[in-house]
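Before any comments, here is the structure.
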Amino acid sequence: MNIAVVDDNDMDRNNVINYCQQYISDHYPQDKNFINIKTFASGEELVESYKSGKFDLLVLDIYMTGISGLETAKKIRDMDSDVSIIFLTSSDEHLLEGYRVFATGYFIKPLKDHEEEFAATFNHIFPKLLKNRGGITIRVKGSLVDVSYSDVMYVDVSDAHNIDIHFNNKVLSSPMSYGELAEMLLKEERFLECHHRIIVNMDYIEVMEQEEFILKDNSHIPISRRKRQDVKVAYMNHIISK
């Protein structure tokens, strides 16, 4: 799991890092080696290097030199609709604006005076983030590769009868059987078998048409005529549950 802390004040930025690391050590010691925290001194620095899916959680200071945390969040939302955002602030005057970019919560400065609120926010968000970053291990060219659920866009069968796992910027082919991979993926509620030997990650669906799904990268995934009603009901239930 990847977390970005964005604050132009060195002391405040370090305080957030310390609180995050302490929380992780206290509550998720078994996962601490798999949680990475990266820091940025400005919103511009984050936006310039940002790609969709790069981070699972952003902790953004609202008041920064250059573009504010709110402006930064709006730019990030244009690139990534799924990343969780928490704002750092010394005032509650921007609460409404924060919720317009679907902020998960707020940390009030100084953090040492609001430790209970910090813990309550993390107690709410961390289980969801860790669940999203769960994954499977697949065989690729004689090696075992760990794959995060959240990175898989869809799975289908290639002409060579290999299983193709499609990501945002690459495709991995595996000699595993379709049934073997389907058994692993379909345990996760975000995955849906929408056509014969095609499984789609519903988190990547942008538009549902009559006969196909259009994904965020403009991939077109067919919907089985035989299963059409059940597929569409499953997708609507997924949207409602998010």
From CA spacing to verdict: side-chain hydrogen bond (donor to acceptor under 3.5 Å, both in side chains), Y154, N201:
CA-CA 6 Å; Y154 67 97; N201 184 339; over 6 Å; no
Return the NZ to CG distance between K141 and L172, rounded to the nearest 0.5 Å.
8.5 Å
Counting C-beta onward and ignoring hydrogens, is there a side-chain heavy-atom pair between M202 and E189 closer than 4.5 Å?
no
Distance in Å, N2 CG paired with L58 CG, rounded so as to fall on 0.5 Å steps:
10.5 Å
Would you say the side-chain atoms of Q22 and N18 include a donor-acceptor pair closer than 3.5 Å?
no
Run the side-chain contact (heavy atoms from CB on, under 4.5 Å) test on I198 and V155 for me, step by step, so that the C-alpha distance in whole Å, both residues' side-chain angles and the decisive distance to 0.1 Å come before the verdict.
CA-CA 6 Å; I198 299 178; V155 171; over 6 Å; no
Scan for side-chain hydrogen bond (donor to acceptor under 3.5 Å, both in side chains) pairs involving residues 217-227, sequence neighbours excluded, and state none if there are none.
E193-K227, E212-H220, D217-S219
Output side-chain donor-acceptor pairs under 3.5 Å for residues 110-120, partner residues at least two apart or in another chain, one line each.
residue, atom, partner, partner atom, Å
E115, OE2, Y19, OH, 3.2

Any salt bridge between R139 and E180, counting N to O under 4.0 Å?
yes
Would you mind reporting whether L46 and I76 have side-chain heavy atoms less than 4.5 Å apart?
yes
From CD (E188) to CD1 (I136), nearest 0.5 Å
10.0 Å
Testing the basics here: between S42 and V6, what is the closest heavy-atom pair and its distance to 0.1 Å?
O-CG1, 3.5 Å
Between D156 and H166, is any pair of side-chain heavy atoms under 4.5 Å apart?
yes
Between the CD1 atom in I17 and the CD1 atom in I37, the distance rounded to the nearest 0.5 Å is 6.5 Å
Would you call D82 and K216 a salt bridge, taking side-chain N to carboxylate O under 4.0 Å as the test?
yes
Distance (rounded to the nearest 0.5 Å) between I3 CD1 and F55 CZ:
10.0 Å
Measuring only between side-chain heavy atoms, which start at C-beta, is F87 closer than 4.5 Å to D61?
no
ILVMFWY cluster, M184 and V145 together (side-chain gap under 4.5 Å):
yes
If we only count heavy atoms from C-beta on, is the L88 to I62 side-chain gap below 4.5 Å?
no
Is V200 linked to I214 within one hydrophobic cluster, defined over Ile, Leu, Val, Met, Phe, Trp and Tyr using a side-chain heavy-atom separation of less than 4.5 Å?
no
With the 4.5 Å side-chain cut-off for hydrophobic clustering, are Y204 and M236 part of the same group?
yes
Please state whether the rings of Y23 and Y28 are parallel, tilted or perpendicular, taking 30° and 60° as the class boundaries.
tilted
In terms of side-chain heavy atoms, does H238 have a donor or acceptor partner in D203 at a distance below 3.5 Å?
yes
Pair F122 and F107, ring centroids less than 6.0 Å apart:
yes
Interatomic distance, L60 atom CG to T72 atom OG1 [nearest 0.5 angstrom]:
6.0 Å
How about K109 and D12: do any of their side-chain heavy atoms sit closer than 4.5 Å?
yes
Does NZ or CZ of K170 fall inside the cone over F167's six-membered ring, less than 6.0 Å from its centre and within 45° of the axis?
yes
Does some side-chain heavy atom of M1 sit less than 4.5 Å from a side-chain heavy atom of F126?
yes
K75 side chain near I67 side chain, heavy-atom distance below 4.5 Å
yes
